[in-house]
Amino acid sequence: MRIATWNVNSINARLETVVRWFEEESPDVACLQEIKCVDAAFPAAAFERLGYNVAVHGQKTYNGVALLSKAPLEDVRAGLPGDDGDDHARYLEAVVSGPAPIRVAAIYLPNGNPIGTDKFAYKLKWLDRLHNHARELLALEEPLVLAGDYNVIPEPADADNPAGWAGDALFQPESRGAFRALKWLGLTDAYMAADGAPGGYTFWDYQAGAWRRDHGIRIDHLLLSPQAADRLTGVVIHRDVRGRDKPSDHVPVVAELRP
DNA sequence: ATGGTAGACCTTCTA
């Protein structure tokens, strides 16, 4: 079973690009972020045609996440618990049904820039809420995949130019520490477990020729419970997608799990 | 060099 995560930066602006990739790769499950539309504006039919079941947690203009799965989705839950006043659409969780059911969440973690503002405080609060929720999910002792745009650069090796990110919310000690704490709960970073090679970037800014110069960062992650990590056979970052026409600034990351 | 690009949108915010 292959599970993908991809921040598409507007599903409607990107539909042709995204559908083409789905036709080529045909992942079993996909977590999409930054769909940038309300539920009703999500182009569900384009994916249903390809055999996918669709769950959407959308929002006007900003954020928005979706889950696509060839197998039916059960126990769909929208929104990260822990703050009833949070109206951003950044979390969608469901169980992919089948002989070996697997719980999957699509995550779009707050960017948090600039540091020293309420935006950065919101990011850290969100990380803390994710920590609490992940702890509860891990207690179920089930196969679990928390996949998405974490907006966290875990280590210096995950950036082309770490010094250039020193003042950025994605590389603050608090952000990195919260990401480590999440892993210490018992979650495995699929890319590091399967490969770990430096330079496995997943995002290149649109500006200043970042792609051309390979000024990338690794911020799109799949975190696996022990029951999912036991089944991990590999991770592929679809880097070439960044060089196509009308690209997202992020590329798909795909984890393969044994049936 | 205080820039650069992209998307949704009421002319600015978010990334």
Side-chain angles (χ1 to χ4, degrees), chain A residues 5-21 31-44 46 56-66 80 85-92 106-127 130 147-154 158-172 174-176 178-179 201-221 238-253:
Chain A
T5 179
W6 192 5
N7 178 324
V8 295
N9 187 20
S10 173
I11 187 61
N12 284 305
R14 205 76 54 213
L15 189 57
E16 202 177 327
T17 306
V18 173
V19 165
R20 184 186 151 198
W21 186 80
C31 305
L32 304 183
Q33 302 89 33
E34 277 209 272
I35 60 171
K36 291 188 172 179
C37 66
V38 295
D39 292 11
F42 187 89
V56 182
H57 181 37
Q59 178 182 337
K60 184 179 162 70
T61 309
Y62 303 119
N63 312 315
V65 286
L80 182 66
D86 182 4
D87 58 355
H88 291 202
R90 296 180 176 276
Y91 185 90
L92 182 62
I107 289 172
Y108 179 45
L109 216 133
N111 174 294
N113 278 306
I115 58 173
T117 66
D118 55 349
K119 290 186 182 178
F120 189 58
Y122 173 62
K123 176 180 196 150
L124 296 182
K125 179 86 192 308
W126 211 95
L127 273 159
L130 181 60
D149 176 1
Y150 279 75
N151 269 315
V152 174
I153 303 165
D158 297 313
D160 166 75
N161 174 27
W165 295 90
D168 196 283
L170 279 60
F171 199 51
Q172 290 311 292
E174 296 94 329
S175 309
R176 296 175 55 200
F179 187 75
Y201 308 137
T202 65
F203 167 92
W204 296 259
D205 201 287
Y206 288 121
Q207 302 183 70
W211 167 245
R212 184 168 47 80
R213 302 170 188 205
D214 197 21
H215 289 176
I217 50 176
R218 190 174 71 92
I219 56 175
D220 298 271
H221 309 297
H238 289 243
R239 181 186 165 94
D240 66 292
V241 172
R242 184 63 178 81
R244 298 182 179 183
D245 288 340
K246 290 260 300 174
S248 169
D249 40 6
H250 297 250
V251 297
V253 184

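Model, not experiment: these values are computed from the prediction. Sequence lines set the chain letters: A, B, ... in the order given, protein chains first and strands last, and positions in each chain run from 1.
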Can you find a side-chain donor-acceptor pair between Tyr91(A) and Asp86(A) that sits under 3.5 Å?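 There is no such pair between these side chains.
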First and last nucleotide of DNA chain B, 5' to 3', lying under 4.0 Å from heavy atoms of chain A: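 That gives a stretch of dG4(B) to dA15(B).
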5'-most contact on DNA chain B: Asn12(A) or Asn113(A), nearest heavy atom basis? Asn12(A)
Would you kindly compare Arg90(A) and Ser10(A) by the position of their nearest DNA chain B nucleotide and give the one closer to the 5′ end?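 By nearest-heavy-atom nucleotide position, the 5'-most residue is Ser10(A).
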Which of these passes side-chain hydrogen bond (donor to acceptor under 3.5 Å, both in side chains) with Asn63(A): Lys36(A), His57(A), Arg90(A), Glu34(A)?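 Per the side-chain hydrogen bond (donor to acceptor under 3.5 Å, both in side chains) rule, the option paired with Asn63(A) is Arg90(A), out of Lys36(A), His57(A), Arg90(A), Glu34(A).
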Under the criterion side-chain hydrogen bond (donor to acceptor under 3.5 Å, both in side chains), which of Asn9(A), Thr5(A), Asn151(A) is the partner of Gln33(A)? Thr5(A)
Remember a base hit wins even if backbone is also touched, and classify Tyr108(A) as base, sugar-phosphate or nothing at under 4.0 Å, heavy atoms. sugar-phosphate
Check: Trp211(A) main-chain N/O paired with Arg242(A) side-chain donor or acceptor under 3.5 Å: no
Quote, to the nearest angstrom, the P distance that separates dA1(B) from dT12(B).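 Their P atoms lie roughly 29 Å apart.
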How far, in whole Å, is dA15(B) from dC9(B) if one measures between their P atoms?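 Here dC9(B) and dA15(B) have their P atoms 15 Å from each other.
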Distance-minimising heavy-atom pair for Leu127(A) and Ala178(A):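 Of all heavy-atom pairs spanning Leu127(A) and Ala178(A), the closest is CD1-CB, 3.7 Å.
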Which residues pass the ring-ring contact (aromatic ring centres under 6.0 Å, His included) test with Tyr62(A), not counting sequence neighbours? none
